Amino acid sequence: MSTDFLQTPLQYLKGVGPRRAADLQRVGLATIEDLLYRFPLRYEDRGNLQSISSLQPGQQVAIAGRIQSTRLRTTRRPGFKIFEALIGDSTGSIVAVWMNQSFLQDVLRRDLHVVLFGAVEARPRLQVINPDYEIIDACDGDDPDDASTIHTGRIVPVYEKAGAMTPKLQRRLVFDVISRMPSDLPDPFPEDVRQRVQLPDRRAALVETHFPAAGASIDRLNHFRTPAQIRVIFEEFFLFQLGLMMRKRAAVREAKPRAIQVDDRIRHAARAILPFRLTEGQRTALKEIVDDMQRTTPMNRLLQGDVGAGKTIVAVLAALVAMENGLQVAFMAPTEILAEQHFLSLRKLLEKSRFKVELMTGTTSGLRRRDLLARLSAGDIHLVVGTHALVQGTVNFHSLGLAIIDEQHRFGVVQRATLRAKGLLPDVLVMTATPIPRTLALTVYGDLDVSVIRDMPPGRRTILTSVRPESRREEIYALVRKQLEEGRQAYVVYPLIEESEKVDLRAATEMADTLQEIFPEYRVALLHGKMKQDAKDRVMRAFAAGELHILVSTTVIEVGIDVPNASVMVIEHAERFGLSQLHQLRGRVGRGAHQSHCVLLYQYPISKQGKARLQALADTANGFEIAERDLELRGPGDFFGTRQSGLPTLRTGDLLRDHSLMEQARDEATRFLDEQTLTAPLVERMKAAWPSRFGLMDVG
Ligand code: ADP
Ligand code: MG
């Protein structure tokens, strides 16, 4: 049955079996489709292998030969070993050298046939340095003829190893599958779109993607720019965009239960609470938001603005519009302490208005909680500040008109769904200080409207940022001491990376102790992610109250916390952070009237490029510029630095490399939805892809 061909479980393939299949499933490879929609990492031209006697220094070469002998050499540097293998073909032999990979002595054994791919250097003898290798002798399950037909003698795909799936195994499996692929493999991609963008059909695209014809451009292949590759990527992007649009259009069909109007009375009320003149960016964002609010369908807007750009006041003014229209507002922050901070500033901003502002968090309990709940459902509280618990569980609103969600974009999508499930259709405003480059915004927030505040309130002092080697600690402590003597407070930040979590935590703990010795007259405290929430809150509160002077912390202080008296931040191992993350961290200082400082401490070894990166951060204060640069350097996956980034999980496409394809896919998806109805196979495919692959919520 050709319709089910791609859905065939891998266990039915020759040489896989139930055990290996289970193993492959664990790395996300369950069916033939999974296998075929997994791109090679790169391609090697093994069609014309070079003869060893013809090699010249400076070349990038592919050679095949037999391992004649091997040895592991020790060097004068302790622990540094070099593995050498003498490789011969019918014309001669050459030494291949691998630095610091002693394990290769168990892998590359004498008499094995290998293909090597790497650079030839004269030092002084000709050598191949750190080449990629592949053993082409038959091993378990392989047909002895495979070596010459599949693994060499052509352009071959090189896959990334994943669990039990070695590059070689995948190559053979893909080869088998492709040779048995039905000629009438169904193509769910709409035919007219395919014609218009001039892409090959699915079957041809899959074949060419994995086993390109002789003469295909290796360069284009390795840039993933052949028509076949583009077709596969485009298919994925198209489905993704189609899903986003359907979700957006489904939202547009819903009508809000109440209309919102803005008149002179409301404008006057807004002016009355304004403590300062809005910046141009704030004004524009506010207008976009209020325009949305006056529409009959719910607002779904993201408000983006760098740290300190002044998003809060914009949100408060939007809240005022809702409240003046007789509606309630929920303001949600990611943590209790942030909720408290917001509560205090919102209450102050609204103190001259007639609206009642209350705080309700997880720790609000007993009588107080019951009282708040009753008043909320009676409509007696106009604005409630809290954490996400606000829209979950037992809270009933009298007339919720606007939900504002601070500093948590991913979460915004989830909240919207929760609200909708409760039959509430409030306007939703999500705020984030993560500057998102256009390319990503298109993808991640494809179904949100976006307002951006690009300017800063006047009179902001830039944070003096310096880049220093760890060896210059003394000088940095002197800077910290000077700030403390002037009555300021300091942050010392440690990275916490999963693999080395324990080690880092120990380092942070030791640092807190050391700092306490260096600054005996000041109080030093430690804050880290492994602490219980209430312990964290206690420390944070004490720091905010000025009872602690130096806060040593892992990155838990990243979002939103506001301690204007803190004027210096030292970031340890700055080289381990992403630029955007550093920028967010740095935004924790410079919030008061005092000149603030940020010191980026790095440890050796650091590459020239690594240092240039840090310097770039020191040289610019513009979050968007930094984000673009970060994205270029690290790619979108790492860009947000977290797992719950909200980015779709793409199988073949790459948001950075393929961003123009994403834009094209978006245009095509829009046009498609405008012009025709979805076919059943397309809907099926989208539904299958949507939650599991793209990691997003249900379609529509
Ligand atoms: P963020 O966008 O990071 O949430 P906030 O809303 O907390 O920034 O604003 C940062 C600081 O700037 C606050 O102290 C706020 O009162 C102040 N601020 C905001 N807008 C203006 C403005 N237009 N003029 C002067 N100060 C402003
Ligand atoms: Mg804020």
Side-chain angles (χ1 to χ4, degrees), residues 270-289 301-320 329-352 357 359 383 385-388 403-409 411-412 429-436 450-463 540 544 557-567 569 580-596 598 621-624 626-627:
R271 266 193 298 275
I273 67 158
L274 256 187
F276 34 63
R277 262 177 69 88
L278 292 184
T279 64
E280 192 60 43
Q282 286 172 319
R283 259 204 301 277
T284 311
L286 181 64
K287 180 171 185 320
E288 288 167 350
I289 291 164
R301 188 168 282 276
L302 175 75
L303 176 59
Q304 244 190 43
D306 209 345
V307 190
K311 297 180 288 294
T312 316
I313 188 68
V314 174
V316 168
L317 292 170
L320 192 73
V329 179
F331 196 118
M332 287 166 275
T335 66
E336 300 217 341
I337 183 142
L338 282 174
E340 268 170 47
Q341 287 202 338
H342 272 312
F343 168 67
L344 294 175
S345 57
L346 296 190
R347 193 176 56 178
K348 184 145 194 301
L349 280 167
L350 290 168
E351 78 192 342
K352 281 188 228 123
V357 182
L359 174 72
L383 193 162
V385 186
T387 57
H388 56 107
I404 298 167
I405 302 162
D406 192 28
E407 302 289 4
Q408 205 143 11
H409 31 284
F411 169 94
L429 180 66
V430 181
M431 302 196 285
T432 177
T434 311
I436 298 155
V450 181
S451 295
V452 185
I453 304 177
R454 286 187 188 275
D455 48 12
M456 279 284 168
R460 222 18 91 69
R461 293 213 212 178
T462 50
I463 301 161
M540 232 16 262
I557 51 159
E558 208 170 330
V559 260
I561 227 73
D562 193 15
V563 182
N565 192 48
S567 65
M569 173 176 286
S580 289
Q581 209 184 358
L582 287 171
H583 181 65
Q584 294 285 312
L585 279 171
R586 173 170 69 173
R588 298 302 112 218
V589 293
R591 301 179 82 81
H594 323 288
Q595 175 60 58
S596 291
C598 175
N622 182 321
F624 281 92
I626 292 165

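Because only heavy atoms are used, hydrogens play no part in the values below, and waters and symmetry mates are left out as well, while side chains stay in. All ligand and atom numbering here is 1-based and tracks the order in the structure. Treat the numbers as computed from the prediction; the structure is a model and nothing was measured.
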Handout entry: Contacting atoms of ligand 1, where contact means under 4.0 angstrom from a heavy atom of V307
Key = 3 (O)
Exercise for the section: Check whether any side-chain N or O of Q595 sits under 3.5 Å from a backbone N or O of T462 as a donor-acceptor pair, and report yes or no. Expected result: yes
Handout entry: Among L349, L303, T312, closest by any non-hydrogen atom to atom 6 (O) of ligand 1
Key = T312
Completion exercise
For atom 13 (C) of ligand 1, the closest protein heavy atom turns out to be R460 NH2, 4.8 Å
Practice task
Starting from the C-alpha separation in whole Å, work towards a yes-or-no answer on side chain to side chain contact (heavy atoms under 4.5 Å, CB included) for R277 and R283.
Solution key: CA-CA 9 Å; R277 262 177 69 88; R283 259 204 301 277; 4.1 Å; yes
Exercise for the section: Could you go through the side chain to side chain contact (heavy atoms under 4.5 Å, CB included) check for L303 and V430 one step at a time? Expected result: CA-CA 6 Å; L303 176 59; V430 181; over 6 Å; no
Exercise for the section: Show your reasoning for whether side chain to side chain contact (heavy atoms under 4.5 Å, CB included) applies to I289 and L317. Expected result: CA-CA 10 Å; I289 291 164; L317 292 170; over 6 Å; no
Problem - Region of D406 engaging ligand 1 - heavy atom pairs below 4.0 Å - result: neither
Handout entry: Where ligand 1 meets R277 - atom numbers and elements under 4.0 angstrom, heavy-atom basis
Key = 22 (C), 23 (N), 24 (N)
Exercise for the section: Using distance alone, decide if ligand 1 has a nitrogen or oxygen within less than 3.5 Å of any nitrogen or oxygen in G305. Expected result: no
Completion exercise
shortest atom 3 (O) of ligand 1-to-protein heavy-atom contact is with G308 N, 2.6 Å
Exercise for the section: List the atom of V329, the atom of A319, and the distance in Å for their closest heavy-atom pair. Expected result: CG2-O, 3.7 Å
Problem - N/O donor-acceptor pair under 3.5 Å between K311 side chain and G305 backbone - result: yes
Fill in the blank from the handout: of all protein heavy atoms, closest to atom 21 (C) of ligand 1 is F276 CE1, 3.3 Å
Practice task
Using heavy-atom distances, let me know which of K311, M456, H342 sits nearest atom 1 (P) of ligand 1.
Solution key: K311
Handout entry: Under 3.5 Å donor-acceptor, D306 side chain and G623 backbone
Key = yes
Practice task
Answer yes or no: is there a donor N or O on one side and an acceptor on the other, between the side chain of S596 and the main chain of G590, under 3.5 Å?
Solution key: yes
Practice task
Record the part of M431 in heavy-atom contact with ligand 1 below 4.0 Å; permitted values are side chain, backbone, both and neither.
Solution key: neither
Practice task
Heavy-atom contacts with T279 under 4.0 Å: which atoms of ligand 1 show up? List them by number with element.
Solution key: 23 (N)
Exercise for the section: Kindly indicate whether the side chain of M332, heavy atoms from C-beta on, has any atom under 4.5 Å from the side chain of D406. Expected result: no
Handout entry: atom 11 (C) of ligand 1 within contact range, any protein heavy atom under 4.0 Å
Key = yes
Completion exercise
shortest atom 20 (N) of ligand 1-to-protein heavy-atom contact is with Q282 NE2, 2.9 Å
Exercise for the section: For A309, take its heavy atoms, then give the atoms of ligand 1 lying under 4.0 Å from any of them. Expected result: 2 (O), 8 (O)
Practice task
Say whether G310, considering both its backbone and side-chain N or O atoms, lies within less than 3.5 Å of an N or O atom on ligand 1.
Solution key: yes
Exercise for the section: Give me the one residue out of Q282, K287, E288 that meets side-chain hydrogen bond (donor to acceptor under 3.5 Å, both in side chains) with S451. Expected result: E288
